Amino acid sequence: MTVRFRKSVKILPGVRINFNKNSTSLSLGPRGAHYTMSSTGRRTVSAGIPGTGIYAYETVRPSTSARRSAVQKATPQDLQSFPQPTPKPTLFSSRAERAFSTFLNDIYDPNNKYSVHEKVEKAKALRDQYAALAYPLNVLTFLHILNEDEYEEKLIEMGSKIWGARDPIFGDRILVKYARGIHPTVRICDGISATEILDKEQFGFVWVEVLQAHEKYDDALTVLHEMDANQLTAISMADIELSMKDYDAVLETTSDIANEDDATLILLVLRGVAFREQGLFDASLECMKSALSKKSRSIEALHRAHYERALTYEKMRKIPQARKDLEMILVDDPTNQEVKDRLKELTSSER
């Protein structure tokens, strides 16, 4: 699972420096619209509607280093933290809250190169000292061990307990206050992400992606049914149903969809995939056509539609049309190795 946490330091209103494990970047703009310049050369524009959890991303200058392809299978998830200015204890704050604030400043200090194991142990020691910090420390520990093989069994156990007690946990006063500074970006599926404050619903998307990555599809669907119904839960549900090869369920989940935004574009693409896997190629192409009818959508979402349409054409043995869709992706993203590899396979099949 690909997970990245980022420490952000506000230097001016609307301007932040972000410290990642392997790079440094500068973010410009208010919440809902960011332009990020990374030391790796990557330039990204993100825009969305605060409060909806729906954001679109476009790479302006792709890095030449390896990165997740817009058409890669979405079993793993990406999680990025976009903290706002860190809340601070007040004069009347408890000792526990002051200790928690000190802990956050310590583990997110870019000068402190703590390993995940060290962070987990620090959280455990603080939890043993202050029982009142169990909820926020357990949530932070869960997020930090997402990528660590040694904690794989603990990850599932912790996630299950946190979700089972989500109402009191995410109603915890200290967690509510300090979670305002943590905005995870969860890749719901290729082409769409959810970005919002770390609350109960946002944690739900993280937990669903963890379950999906471990092929616990029924459990993931149960979690989605327990969440508020919206476009993002529908996308996540359809994505899981595709993984389960329950194509009729996908068609039911994506029924009566019109191309109104990035989310509905992706729902149309997933519907097209379900038709394709049932051998209904004309229906699949019609869905992809509707998805690609609005060129104003995000580059990543459009690339997903082009890629899936290429796979449909390939199954129909219409190789020139498949090549055209893949080449359209390369126009925007010439470093996309997966698309290049797919084009090579198509070229080989034509010989």
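All values reported here derive from a predicted model rather than from experimental measurement.
Comment: E308 engages R304 in a salt bridge, judged by a side-chain N to carboxylate O separation of less than 4.0 angstrom. Here R342 does not pair with E338 in a salt bridge; the nearest charged N to carboxylate O distance is not below 4.0 Å. Look at E148 and K119 and you find no salt bridge, because none of the NZ, NE, NH1 or NH2 atoms lies under 4.0 Å from a carboxylate O.
A donor-acceptor contact shorter than 3.5 Å is absent between the side chain of S101 and the backbone of K88. Checked by atom type and distance alone, the side chain of S236 never pairs as donor or acceptor with a backbone atom of L232 at under 3.5 Å. In this structure, D261 contributes its side chain and A263 its backbone to a donor-acceptor pair below 3.5 Å. Of the possible donor and acceptor atoms, one in the side chain of K340 sits under 3.5 Å from a partner among the backbone N and O of P334. Without hydrogens or angle criteria, K245 side chain to L242 main chain gives no donor-acceptor distance under 3.5 Å. Proximity of a side-chain donor or acceptor of S255 to a complementary backbone N or O of E252 within less than 3.5 Å is detected. Listed for the R276 side chain is no donor-acceptor partner under 3.5 Å among the backbone atoms of F281. Between the side chain of K318 and the main chain of K315, no donor-acceptor pair closer than 3.5 Å is present. Side-chain atoms of R166 come within 3.5 Å of backbone atoms of W163 as a donor-acceptor pair (strictly under, hydrogens ignored).
Residue K324 qualifies as open at atom NZ: its count of foreign heavy atoms under 6.0 Å is 12 or below. Residue E118 qualifies as enclosed at atom CD: its count of foreign heavy atoms under 6.0 Å is above 12.
Taking 4.5 Å as the limit, every side-chain heavy atom of L302 sits out of range of all side-chain heavy atoms of D332. Proximity of I188 to I266: side-chain heavy atoms (C-beta onward) are nowhere separated by under 4.5 Å. The side-chain heavy atoms of T222 and E226, taken from C-beta on, include a pair separated by under 4.5 Å.
Side-chain atoms of S93 and T90 form a donor-acceptor pair, as typed in the model, at a separation below 3.5 Å. Using modelled atom types, one finds no donor on one side chain facing an acceptor on the other under 3.5 Å when comparing D325 with Q321. Side-chain contact, N138 with T141: no donor N or O sits under 3.5 Å from an acceptor N or O. A donor-acceptor pair shorter than 3.5 Å can be found between the side chains of D333 and T335.
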TODO: Would you please test N230 and E201 for side-chain hydrogen bond (donor to acceptor under 3.5 Å, both in side chains) and show each step?
DONE: CA-CA 11 Å; N230 54 42; E201 290 298 304; 5.2 Å; no
Open item on the list: Q231 vs I192, test: side chain to side chain contact (heavy atoms under 4.5 Å, CB included). Steps then yes/no.
Closed with: CA-CA 11 Å; Q231 289 179 335; I192 203 74; over 6 Å; no
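Using cut-offs of 30° and 60° for the angle between ring planes, the F100 and Y178 rings count as perpendicular.
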